[in-house]
Number of protein chains: 2
Amino acid sequence: MGRWEPNARGRLEQAALELYVERGYDETTVAEIAKRAGLTERTFFRHYADKREVLFGGAGVLHDLFVDAVAAAPADAAPIDAIAAALDAAAGMFQDRREFARRRQGVITANPELQERELIKLASLSAAIAGALRLRGVAEPGASLAGEAGIAVFKVAFDRWINQPDQSDQAEQRDMAQFVRESLAELKVVTAGV
Amino acid sequence: MGRWEPNARGRLEQAALELYVERGYDETTVAEIAKRAGLTERTFFRHYADKREVLFGGAGVLHDLFVDAVAAAPADAAPIDAIAAALDAAAGMFQDRREFARRRQGVITANPELQERELIKLASLSAAIAGALRLRGVAEPGASLAGEAGIAVFKVAFDRWINQPDQSDQAEQRDMAQFVRESLAELKVVTAGV
DNA sequence: AGGGTGATGACAGGAACTGACATCGCTCCT
DNA sequence: AGGAGCGATGTCAGTTCCTGTCATCACCCT
C-alpha cells in the first residue's frame, strides 16, 4: 500500500469516525487517523483544515440541496413553504443513512469542539437559505429569520428522528419527514402567540 | 506590580480584547495577553479554559437574565410573550454598551473560531430558554423550537442594532429594543405562511 | 509567630497545525 | 520511448495551544 491508493479523503473520513467512536475524539490523534488510512499526518491536513473538519465532509451536498430546493419552489410559494420543501428534500437525503447519522451524531454530541463545528455549519446553511430567499424577493430581516427558523426545525426534527426509541417492528420506525412536518407545525403554533 | 494585583480576570479580558482589536485574534498569542495583564500564560489558562473563552466572560449574566425573565413572565403568558419579555430585558442590558459590543463583535466576526464559540453560547442560551419554558408547562418540541426562535430573533436584532448606520444626531440612533420588536414581528409574519 | 489556603510562577511536554522542500506516480507531448 | 510537467504525498523543523506538576508567594486565622 504505497502512495496513490485511491479515495484518500474517504479513507480518512472512515478512519476518523471509527477511531472517534472507538476511543473518543480527544483520545484520538491525527497521526493515528492518518496511519489507519495509510497516510501521514501532514497529508491529513492537506485534505482537512483541522481535526474536526473530517467529520463534516458531507456539508457541501446538504448546502446545495437546501439552496436548490428553495430556489426550485414555485415562484408564488411563501418563504415558509419553500423552506418546507427544502426540509423534505433534506429528510429524503438521510432516509437510508440513519445508522450512520446516529453513530456520527453520537460522536459530535460527546464533544463540545465538534458541537461548535456543527453549529457553524448549520449557521452557514441558515445564511444560504436566507440568500436563496432573497433571490426570490424576500426582504430582510425576513429572509434571515426564515433561514434561522428553517434550521431550527431541521435541528429539532433531526434530533428527534435520531433519538426516537428503536422499534422491534422496523415498519414502525418513523422517518425524518414525519418529524420535520410535526416540528414545523409546532413552530407555527409557538410563534403565533395567543 | 508583583502578584496579587486585584481583578486578574478583568485585566485579562481587557488585554485580550485590546490585542485582538489591535493585531487580530490569530496574530495574538496567549503569552502576550498574559504579559499585558501582568500575569503569566499559565495563569491565563487557570482563569479561562482556552484562548477564545476570554471574550465570553459575560455569557453567564446573559444566561441568568434570559432564564429569570422567562420564569418571571405571567403564568398565563404564551411562550412567545415570555420570550419577548426576555428579549426586552436583554436589549436593556446592552443599552449603554453599544460601543463595547461593537468592538467585541468586530473581533468575533473576523474569526471563525470565535464565531463557533459564540454560536455554542447562543445554543446554550436557547437550551436554557427551552428549559425555563418547560418549567412553565410547555411541552417538547414546542419548548425547544420556541427557544431557537427566541435566539434567532436575538441574533438578527443584535446584528442590525450593531450595524445600523451611525447617525450624526445621537437621538436618532435606534436602540436594540426597537430592533427586537421589529424582528419578532417579522418572524411571526414569515412563519405564519400565507 | 506559625501554619493553612488559595492564587501565581516555573518548567516540561504532548498534540495541533504550518511552512518549506524533496519525492513519487501519472499524463501528455514530441 | 523518453522526458517534462504536475499534482499528491512524504519528511522535517518549528510555533502555538494547552496540561500536569511542583514550588513559591501573599494573606488570614489562631
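Letters A, B, ... mirror the listed sequences (proteins, then strands); counts begin at 1. Side-chain atoms are counted along with the backbone in the values below, which use heavy atoms only and exclude waters and symmetry mates. Please read all numbers here as calculations on a predicted model, not as lab measurements.
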Over how many whole Å does the gap from [X] atom [atom1] to [N] atom [atom2] extend?
X: B:Lys35; N: C:dG9; atom1: NZ; atom2: C1'; value: 15 Å
X: B:Leu39; N: C:dA10; atom1: CG; atom2: P; value: 11 Å
X: A:Glu5; N: D:dG10; atom1: CD; atom2: P; value: 11 Å

* Let me see the working for B:Gln164 and B:Arg98 under side-chain contact (heavy atoms from CB on, under 4.5 Å), right down to the final yes or no. => CA-CA 11 Å; B:Gln164 72 178 305; B:Arg98 180 156 178 264; 3.5 Å; yes
* Asked: Where along residues 106-115 of chain B does a heavy atom fall under 4.0 Å from DNA chain D?
  ->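 Per residue number, the list is empty: none.
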Please tabulate, for side-chain N and O atoms in residues 139-149 of chain B, each donor-acceptor pair with protein atoms closer than 3.5 Å (sequence neighbours left out).
{"unit_1": "B:Glu140", "atom_1": "OE1", "unit_2": "B:Ser144", "atom_2": "N", "d": "3.2"}
{"unit_1": "B:Glu140", "atom_1": "OE1", "unit_2": "B:Ser144", "atom_2": "OG", "d": "2.9"}
{"unit_1": "B:Glu140", "atom_1": "OE2", "unit_2": "B:Arg134", "atom_2": "NE", "d": "2.7"}
{"unit_1": "B:Glu140", "atom_1": "OE2", "unit_2": "B:Arg134", "atom_2": "NH2", "d": "3.4"}
{"unit_1": "B:Glu140", "atom_1": "OE2", "unit_2": "B:Ser144", "atom_2": "OG", "d": "3.0"}
{"unit_1": "B:Glu148", "atom_1": "OE1", "unit_2": "A:Lys155", "atom_2": "NZ", "d": "3.3"}
{"unit_1": "B:Glu148", "atom_1": "OE2", "unit_2": "A:Lys155", "atom_2": "NZ", "d": "3.2"}

* Quick one: is C:dA7 close enough that its OP1 or OP2 comes under 4.0 Å of any side-chain N or O from B:His47? ->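 Checking B:His47 against C:dA7: no side-chain N or O falls below 4.0 Å of OP1 or OP2.
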* C:dG9 OP1/OP2 closer than 4.0 Å to side-chain N/O of B:Thr40 ->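 Yes, such a contact exists.
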* Which atom names give the shortest non-hydrogen contact between A:Leu87 and A:Gly150, and what distance separates them? ->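 Closest heavy-atom pair between A:Leu87 and A:Gly150: CD2-O, 3.8 Å.
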* **Mutual orientation of the aromatic rings belonging to A:Phe44 and A:Tyr48 [parallel < 30°, tilted 30-60°, perpendicular > 60°]** =>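 Tilted.
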* Parallel, tilted or perpendicular, as decided by the 30° and 60° cut-offs, for the rings of A:Phe66 and A:Phe154 ->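 Geometry flag for A:Phe66 against A:Phe154: perpendicular rings.
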* **Inter- and intrachain pairs under ring pair (Phe, Tyr, Trp, His ring centres under 6.0 Å), touching residues 97-119 of chain B, at least two apart** =>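 Those involving residues 97-119 of chain B do not exist here.
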* Asked: Tell me the salt bridge (Lys or Arg N to Asp or Glu O under 4.0 Å) pairs involving residues 56-73 of chain B, sequence neighbours left out?
  ->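 Of all non-adjacent pairs touching residues 56-73 of chain B, none passes salt bridge (Lys or Arg N to Asp or Glu O under 4.0 Å).
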* Identify, with sequence neighbours excluded, every residue that meets side-chain contact (heavy atoms from CB on, under 4.5 Å) alongside B:Asp96. =>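 For B:Asp96 there are no side-chain contact (heavy atoms from CB on, under 4.5 Å) partners, ignoring immediate neighbours.
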* Asked: Going 5' to 3' along nucleotides 15-21 of chain D, which nucleotides have protein heavy atoms under 4.0 Å from the base (write B), which only from the sugar-phosphate (write S), and which from neither (write -)?
  -> -SSBBBB
